[in-house]
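Notes follow once the structure below has been shown.
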Amino acid sequence: MNAPSKTWKDVNAVYQIYPRSFQDSNGDGVGDLRGVISRLDYLKGGEGALGVDAIWFSPLFPSPMADFGYDVSNYCDIDPLFGTLDDFKELLAGAHARGIKVMIDFVPNHTSHEHPWFRESKTSRDNPKREYYTWADPKPDGSAPNNWLSIFGGSAWEWDETTGQYYLHTFLKEQPDLNWRNPAVRQEMQSILRFWFDMGVDGIRADAVRWVSKDEHYRDDPKNPAFTDAPNADPFASLLHVQSRFGPHLFEYLRELTDVVEQYPDKIMIFEDYPDGVFTSRDQYLGFYGVNPRVSMPFNFEGIGREFSAPSFRHFITEFQGFLDVDQHTPVYCFGNHDQPRLVSRVGERQARLVAVLQTTLPGLPVVYYGDELGMKNGIIRPSEEQDPLNVIKPGLNQGRDPERTPMQWSADEYAGFSTVKPWLPLAGQHDEVNVATLSQKYDSFLALYTWLLDFRARSDVLKHGGYQTLDSSNPHVFSFVRMHGNEQLMVVLNFSNRRRSYAVPPGSHVLISSQQANPAKISRKHVLKLHPYEAVIVGQMHSA
Ligand code: NOJ
């Protein structure tokens, strides 16, 4: 049977741009849309371009920036900090002219407390916008309606003196949760999607979707029996969040959104969802894929934060590939984003290069975070420089996300070519070496590796459309798999250990690329691949690419 045509099936990768940090064009120290326009050639089409087929922007919309744009005060405009709608349209046209698709963020669970809907909603209990949000009476003793917790610290309920009720906020108190049980809210959300699709936007990353449906009776979340009250334990983990999220209507609501997506040709929606212990990953993933696999899919974030070892990575990938319906479901492997410490800082440099090879050779639609292609590290942020409120409201847990949001490093100039003035966050360091201008001159740099991999993937039907099979499933040090399409096969061999390892390959094999370009593994006359510590290679066969 021929596989049904998948949406975005030829896209080699999505590149995430955190707009505050990509390129400043107006000298205010914050990135903006005209800055991105000036860098489009880097993304695709220019000499030595990275070569990505799609970009995703974290929120660009008007916002008081309590959560740096994830607190939206107008879903259908651009924040003046980033530019104007006309700038956005110019960017869209420029991207499309280069064959780059544009994906934007969509924040359906909550708005800013300064959104006109919320301003109205809190004026009185009978305001027409009251039911746009989640309001509830206090308990008889005046305390919050239930024990639900905010991920960003403390109770998820905030008291409103004017109307004598609490409102729900899963994130900051400046981010009140919308009431998705109200059909008017769902209509609004669908209109917002139409607004952007009509303009020509190609895809949507849907934020924090698991929370849009909650228990309608506001029942307490049960205690987490595994929680230990250690000094660095996050109190949010003291409960099992079974009532406050993944409510009974979640997939139905998402389906209403994907019905809109499907009304337009070649558009997609990627759901943000992290695995957790409450629902098995398998059920979660299949639930999200079940919404509408033609146009939507969840991220797979399992490679973030798990043990860096061959058995651990082999396990999650083999299991995930094993329960997907490969003809229908598009995996979206993601190893870094604006909420997670930088890949290099989490796993190390050689290990991060291995992850680059892994991510760009797995099936589906890889999503790469800006700066990871340079091997950028976490920035070191002094308390006086902190921007993200998380370290202030959850002290001692080290959850602040500034380190992974530092300015893109374009050159060895004072502000790394990002800006002409001191940027909103300090540079991550080593920018005299770790920058696009310098690394693009080095054949063995991180950037050269990513550029090669993305170009190869763009041209490879095996990598974009081929099947997947795990090899050698009990090797403690080397994770390997094969991708196959028609008569073509590529073998990917990843040495997760800090020692040299040997790995038998079929006769006629040759190394197409190594993650350590300066000193790639050799294949002996006895067909044994001699891998360096943490080395990853793509092995071709005589008759393959
Ligand atoms: C997930 C986003 O990635 C994160 O940055 C944000 O703070 C929360 N959702 C709330 O919107």
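We count ligands from 1, going down the list as the structure has it; atoms in each ligand are counted the same way. Values reported hereafter were calculated over all heavy atoms of this structure, with side chains retained and with hydrogens, waters and symmetry mates removed. This structure is a prediction, so every number in the text was calculated from the model and none was measured. Along the sequence shown, residues carry numbers from 1.
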Protein contact to atom 6 (C) of ligand 1 [nearest heavy atom, distance to 0.1 Å] | Asp67 OD2, 3.3 Å
Under 4.0 angstrom from ligand 1, any heavy atom of Phe68?
-> no
Please name all residues satisfying salt bridge (Lys or Arg N to Asp or Glu O under 4.0 Å) with Asp28, sequence neighbours left out, ordered by chain then number.
-> none
Does ligand 1 have an atom under 4.0 Å from some heavy atom of Arg405?
-> yes
Identity and distance of the protein heavy atom lying nearest atom 5 (O) of ligand 1 | Asp339 OD1, 2.7 Å
Under 4.0 Å to a heavy atom of Phe152 - the qualifying atoms of ligand 1, by number = 7 (O)
Under 3.5 Å, is there a donor-acceptor pair between the side chain of Thr258 and the main chain of Val261?
-> no
re atom 8 (C) of ligand 1, the protein heavy-atom contact at minimum distance is Phe171 CE2, 3.7 Å
Report yes or no: does Ser150 contribute a side-chain atom to a donor-acceptor pair with the main-chain N or O of Ala156 at less than 3.5 Å?
-> no
Under the salt bridge (Lys or Arg N to Asp or Glu O under 4.0 Å) test, which residues partner Asp137, sequence neighbours left out?
-> Arg125
Salt-bridged, Lys122 to Asp160, with N to O below 4.0 Å?
-> no
Quick look: Arg205 vs ligand 1, heavy-atom contacts under 4.0 Å, and the answer is side chain
